[in-house]
Amino acid sequence: MKAIQVHEFGGPEVLTLHEVSTPQPAAGQVLVRIHAAGVNPADTYTRTGTYAVKPPLPYTPGSDGGGLVEAVGAGVSRVNPGDRVYLAKSITGTYAEYALALESQVFPLPANIEFAQGAGVWVPYGTAFHALHHRARIKAGETVLIHGASGGVGIAAVQWARAAGLRVLGTASSARGRELILREGAHQAFDHSQEGYREQILASTGGQGADAIVEMLANVNLAHDLKLLAMNGRVVIVGSRGDVTITPRDLMARRGTIHAFTLWAVTAAEEAEIHAAIFAGLENGTLRPVVGKQIPLAEAPRAHREVLEPGAFGKIVLVP
Ligand SMILES: NC(=O)c1ccc[n+]([C@@H]2O[C@H](COP(=O)([O-])OP(=O)(O)OC[C@H]3O[C@@H](n4cnc5c(N)ncnc54)[C@H](OP(=O)(O)O)[C@@H]3O)[C@@H](O)[C@H]2O)c1
């Protein structure tokens, strides 16, 4: 089979296409034929070799994928060959024609969801659910700001928060991104590349601030977020690419809280809850993964460049 491999850490060019042997499922394992693999910003951090996650070389990147079960090992009972599935991590990596996974990493994909959409399920929707429900503990009637709403996690958070009965504010730097946010359920969209947008957000809450903020770029926004919080407000740091200085009194004055997490550290109970909520949401139409770009597998370097560029529009997926 063809697979992208990383033989040395470095820039996007280290993602190279190779012919490798197709893995076979041992007991408790599932072989999935990948129809699309999700590209996440974290894949680019890992590729540089400077991130907390540092796999042994060579490795095939990718924790998200949508496809068909090709074969199952002894003892596998939850899925059968031919089943449509999405992957939540895998043993061998999803940037490939086939990925080997544990039975516990394979989940049913409802018939109304395309494989490309299935490649944008686990990391985006898992992260958004954990941020909103497990960390911010959102409640219907509250106001949430999705700070960076046009990308994979942001769109997921918009859809989930809207379905949960919140007033949803989102930001994006492109007009296309803001249209997408509004289409997917935000009540208002703001441009985080424009001067004065924070004042507009505060004004839109009648000066009260947001009860919860889901933050995609904390190194740029965290200090300002604290001034946009309502009393007892919660900021959840999802993404950050550097250091930041904050004024703790902004938090003290609002009895505010800052939460942070990585999806890799969710508990088994939280993960089970996330997958149950994902299946229900995909099936009932609440969750509609948005695929902005489908890029051939061999062009993985391009996907890694583009996923870090401004102007996000849902997910970038790789197609073997
Ligand atoms: N904690 C975790 O476990 C976890 C899991 C998944 C993702 N993440 C992190 O969360 C972040 C978002 O992930 P993603 O998959 O949604 O990435 P993505 O699809 O590339 O989207 C990035 C988002 O960040 C927005 N953004 C850019 N500049 C911004 C700014 N100054 N202020 C606010 N938002 C800004 C983008 O908006 P425009 O393009 O419209 O400017 C876009 O909406 C990444 O940093 C990622 O590494 C963390």
Side-chain angles (χ1 to χ4, degrees), residues 37-48 50-53 61-64 88-89 119-132 134-136 145-160 168-182 184 186 189-195 197-198 201 210 213-225 228 235-242 244 258-267 270-271 274 289-293 295 303-317:
V39 176
N40 289 295
D43 302 345
T44 73
Y45 317 150
T46 303
R47 189 206 66 229
T48 65
T50 58
Y51 190 50
V53 178
S63 34
D64 285 346
K89 298 166 279 183
V121 169
W122 166 238
V123 172
Y125 284 88
T127 302
F129 186 95
H130 189 67
L132 291 168
H134 294 149
R135 301 269 73 89
L145 169 63
I146 313 298
H147 211 164
S150 51
V153 180
I155 291 294
V158 165
Q159 292 172 354
W160 243 327
V168 182
L169 314 179
T171 74
S173 64
S174 68
R176 189 168 169 252
R178 291 190 294 281
E179 277 167 30
L180 175 66
I181 294 172
L182 293 170
E184 292 305 325
F190 302 86
D191 181 352
H192 54 234
S193 69
Q194 285 294 313
E195 282 289 317
Y197 83 97
R198 297 186 191 98
I201 291 173
I213 300 179
V214 177
E215 180 52 60
M216 304 303 166
L217 201 56
N219 55 304
V220 172
N221 294 323
L222 185 59
H224 307 290
D225 286 343
L228 292 178
V235 179
V236 184
I237 299 173
V238 168
S240 187
R241 294 179 183 163
V244 61
I258 301 174
H259 300 264
F261 70 93
T262 67
L263 188 62
W264 317 121
V266 297
T267 66
E270 288 167 338
E271 191 167 333
I274 288 168
V290 174
V291 179
K293 272 185 208 166
I295 294 178
H304 270 213
R305 282 185 204 101
E306 294 184 4
V307 75
L308 296 182
E309 288 170 1
F313 192 87
K315 287 298 303 178
I316 296 178
V317 306

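Quick caveat: nothing in here was measured; it's all calculated off a predicted structure. Both counts, for ligands and for their atoms, begin at 1 and track the order of listing.
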>> Once rounded to the nearest 0.5 Å, what's the spacing between atom CD of E215 and atom CD1 of I258?
In response: 10.5 Å

> Which protein heavy atom lies closest to atom 10 (O) of ligand 1, and at what distance to 0.1 Å?
Replying inline: V238 CG1, 3.4 Å

> With sequence neighbours excluded, what pairs up with V291 under the side chain to side chain contact (heavy atoms under 4.5 Å, CB included) test?
Replying inline: A116, Q117, Q294, V317

> At their closest point, which heavy atom of G177 faces which heavy atom of A172, and how far apart are they?
Replying inline: C-CB, 3.8 Å

>> Looking at G148, is its backbone amide N or carbonyl O close enough to the side chain of T171 to form a donor-acceptor pair, meaning the two atoms are under 3.5 Å apart?
In response: yes

> How close does the nearest protein non-hydrogen atom get to atom 43 (O) of ligand 1, and which residue and atom is it?
Replying inline: S150 OG, 2.8 Å

>> Judged on heavy-atom distance to atom 15 (O) of ligand 1, which of G292, G38, P41 sits nearest?
In response: P41

>> For ligand 1, which is the ligand I care about here, please tell me if V220 has any N or O atom under 3.5 Å from one of the ligand's N or O atoms.
In response: no

> For ligand 1, is G177 a contact, meaning one of its heavy atoms is under 4.0 Å away?
Replying inline: no

>> If the contact criterion is a heavy-atom separation under 4.0 Å, does P124 count as touching ligand 1?
In response: no

> Of all the atoms in ligand 1, which lie at a distance below 4.0 Å from a heavy atom belonging to G239?
Replying inline: 9 (C), 10 (O), 45 (O)

> Is there a nitrogen or oxygen of G311 sitting under 3.5 Å from a nitrogen or oxygen of ligand 1?
Replying inline: yes

> Between G151, A260, A189, A172, which one has a non-hydrogen atom sitting closest to atom 21 (O) of ligand 1?
Replying inline: G151

>> Tell me the protein heavy atom at minimum distance from atom 13 (O) of ligand 1, and give that distance in Å.
In response: V153 CG2, 3.8 Å

> How does A149 reach ligand 1, by side chain, by backbone, by both or by neither, if only non-hydrogen atoms under 4.0 Å count?
Replying inline: backbone

> Starting from atom 29 (C) of ligand 1, which protein heavy atom do you reach first, and at what distance in Å?
Replying inline: H192 NE2, 3.5 Å

>> Under a 4.0 angstrom heavy-atom cut-off, which atoms of ligand 1 come close to P310?
In response: 39 (O)

> Relative to each other, are the rings of Y45 and Y51 parallel, tilted or perpendicular (30° and 60° limits)?
Replying inline: perpendicular

> Does atom 6 (C) of ligand 1 have any protein heavy atom closer than 4.0 Å?
Replying inline: yes

>> If the condition is side chain to side chain donor-acceptor pair (under 3.5 Å), which residues does N40 pass it with, not counting sequence neighbours?
In response: D64, K315

> What is the nearest protein non-hydrogen atom to atom 41 (O) of ligand 1, stated with its residue, atom name and distance?
Replying inline: S173 OG, 2.6 Å

> If you count the atoms of ligand 1 from 1 in the order shown, which ones are under 4.0 Å from a heavy atom of L263?
Replying inline: 2 (C), 3 (O)

> Is the count of non-hydrogen atoms from other residues, nucleotides or ligands lying under 6.0 Å from E309 atom CD greater than 12?
Replying inline: yes

>> Tell me if the centroids of the rings in Y197 and H147 come within less than 6.0 Å of each other.
In response: yes

> From I201 CD1 over to I213 CD1, what is the distance, rounded to the nearest 0.5 angstrom?
Replying inline: 8.0 Å

> Just by modelled atom types, is the P41 backbone N or O under 3.5 Å from a matching donor or acceptor in the T44 side chain?
Replying inline: yes

>> Testing the basics here: between T127 and F261, what is the closest heavy-atom pair and its distance to 0.1 Å?
In response: O-CZ, 3.6 Å

> When you look for heavy atoms under 4.0 Å from ligand 1, do you find them on the side chain of N221, its backbone, both, or neither?
Replying inline: side chain

>> How long is the straight-line distance from CG of L217 back to CG of N219, given to the nearest 0.5 Å?
In response: 4.5 Å

> Quick one: nearest non-hydrogen protein atom to atom 19 (O) of ligand 1, plus distance?
Replying inline: G152 N, 2.9 Å

> Should the proximity of R241 to ligand 1, defined as any heavy atom under 4.0 Å, be assigned to the side chain, the backbone, both, or neither?
Replying inline: side chain

>> How long is the straight-line distance from CD of E270 back to CZ of F129, given to the nearest 0.5 Å?
In response: 9.5 Å

> Any idea which protein heavy atom is nearest atom 12 (C) of ligand 1, and the distance to it?
Replying inline: M216 SD, 3.9 Å

> Which bit of I316 gets closer than 4.0 Å to ligand 1, counting heavy atoms only: side chain, backbone, both or neither?
Replying inline: neither

> So how far is it from R178 CZ to S173 OG, rounded to the nearest 0.5 Å?
Replying inline: 7.5 Å

> In ligand 1, which numbered atoms sit nearer than 4.0 Å to a non-hydrogen atom of H147?
Replying inline: 33 (C), 34 (N)

> Do L308 and R241 come close enough that some side-chain heavy atom pair is under 4.5 Å?
Replying inline: yes

>> Under 4.0 Å from a heavy atom of T127: which atoms of ligand 1 are those, numbered in the order shown and with their elements?
In response: 4 (C), 5 (C), 6 (C)

>> Rounded to the nearest 0.5 Å, what separates atom OG1 in T267 from atom CD1 in I274?
In response: 8.0 Å

>> Within the 4.0 Å heavy-atom shell around L217, which atoms of ligand 1 are there?
In response: 28 (N), 29 (C), 30 (C), 31 (N)

> Which residue owns the protein heavy atom closest to atom 20 (O) of ligand 1, what's the atom, and how far is it?
Replying inline: V307 O, 3.1 Å

> Can you list the ligand 1 atoms lying under 4.0 Å from a non-hydrogen atom of Y45?
Replying inline: 44 (C), 45 (O), 46 (C), 47 (O)

>> Which of the numbered atoms in ligand 1 are under 4.0 angstrom from any heavy atom belonging to V123?
In response: 6 (C)

